Amino acid sequence: MDTDNFRKEYIELVASVREYMEEQLQLGFIEAELREPEQQSPYADFDLPALATDAGNCTKCPLHETRNSVVFGVGNTNADLMFIGEAPGADEDRQGEPFVGRAGQLLTQIIESGMKLKRADVYIANVLKCRPPGNRNPEADEVATCSPYLMRQIELIQPKVIVALGSFAARMLLDTKIGITKLRGEFHECKVAGLHVLPHKKPPVIMPTYHPAYLLRNPNAKREVWEDIKKVLTFLAQG
Ligand code: URA
């Protein structure tokens, strides 16, 4: 056999083994850990209470020096729908709960008046668990240090859909530098490296949309957010 044919056959063989393994993985006949074992969450053995306790004592980045509270997350720990924002603001830092300030009230309105759900039915968290001083943007190393907490939250809650609120959440969940304006309005594959998904479960799909704080400054964008949210409702209704 000449080299070209051998190469072609080799590539076909690798592709068919890969396809077979993917199918076995989806059917639950092999363990999901086989996919990327080296990137497993450092909190793989933690349940949510243990994770919250660990985050509550976290001193891994300088934000612990200025925080009043660690804002871990709130809501239904079996939710199909998760909202992920950027980082706590002053109100959240004071109260220890995500999205309770002005932007949070708007998010609650979207969930309750728009989606006809209760805030307590969904799960709400942020990329960063501690407030950046003066509400500055999160630094890349803060996101890298803190994101394993969010990754494990997603693994434990196993939502069907995650609404990424704003560019920081979208960038982290989609592992991209593309801006929110281009990303929003379409479902994307979750690109959190090493996210462990149970064999019988599908990884969450991500719907990026504008952050509620942006909507407070640009009320006209509420229409686009509502379009995005309607797609999420349709997706959830389809089971
Ligand atoms: N903005 C966020 O991104 N998260 C909060 O919890 C509050 C405001």
Side-chain angles (χ1 to χ4, degrees), residues 48 51-52 55-56 58 61 63-64 66-77 79 81-112 114-115 117-154 157 159 161-174 176 179-181 183-184 190 192 204 206-219 221-222 224-225 228-229 232:
L48 273 174
L51 194 69
C58 180
C61 89
L63 295 183
H64 80 274
T66 47
R67 75 178 178 222
N68 289 303
S69 322
V70 172
V71 182
F72 181 69
V74 73
N76 177 0
T77 54
L81 176 58
M82 201 165 163
F83 288 86
I84 299 180
E86 181 177 314
D91 294 304
E92 291 77 19
D93 178 55
R94 213 173 300 119
Q95 296 184 43
E97 182 169 333
F99 283 99
V100 290
R102 275 185 71 222
Q105 283 159 22
L106 182 50
L107 177 63
T108 305
Q109 213 181 313
I110 292 169
I111 295 167
E112 302 208 326
M115 305 182 87
L117 298 171
K118 292 199 176 71
R119 185 177 149 106
D121 290 340
V122 304
Y123 195 88
I124 306 175
N126 282 305
V127 173
L128 293 190
K129 307 302 184 216
C130 296
R131 182 189 182 210
N135 294 351
R136 64 157 170 76
N137 286 339
E139 304 276 1
D141 56 346
E142 291 161 358
V143 174
T145 306
C146 204
S147 55
Y149 285 122
L150 179 61
M151 175 175 167
R152 186 67 186 145
Q153 279 175 302
I154 297 170
I157 294 162
V161 186
I162 298 175
V163 177
L165 298 166
S167 58
F168 277 90
R171 271 187 227 158
M172 188 233 145
L173 294 167
L174 305 179
T176 182
I180 189 71
T181 309
L183 293 170
R184 62 147 286 275
C190 183
V192 175
I206 312 296
M207 172 59 79
T209 197
Y210 293 127
H211 193 286
Y214 175 82
L215 297 184
L216 292 174
R217 299 189 301 272
N218 301 277
K222 283 183 188 171
E224 282 147 290
V225 170
D228 304 345
I229 293 294
V232 170

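All values below were derived from every heavy atom in this structure, side-chain atoms included, with hydrogens, water molecules and symmetry-related copies excluded. Keep in mind the model is a prediction, meaning the values are calculated, not measured. Remember, it's 1-based here, ligands and their atoms both numbered in the order they're listed.
The pair Asp91-Arg94 meets the salt-bridge criterion, since a charged nitrogen lies less than 4.0 angstrom from a carboxylate oxygen. Salt-bridge check for Arg67 with Glu92: failed, with every basic side-chain N at 4.0 Å or more from each acidic carboxylate O. Between Glu142 and Lys129 no salt bridge is recorded (no basic side-chain N to carboxylate O distance below 4.0 Å).
Side-chain atoms of Asn76 do not come within 3.5 Å of backbone N or O of Ala120 as any donor-acceptor pair.
For the pair Arg217 and Tyr214, the cation-pi test (distance below 6.0 Å, angle within 45°) is failed.
Near ligand 1, heavy-atom contacts under 4.0 Å come from Gly85, Glu86, Ala87, Glu92, Pro98, Phe99, Asn126, His211.
Taking the salt bridge (Lys or Arg N to Asp or Glu O under 4.0 Å) definition, one finds that Glu224 meets it with Arg184, sequence neighbours left out.
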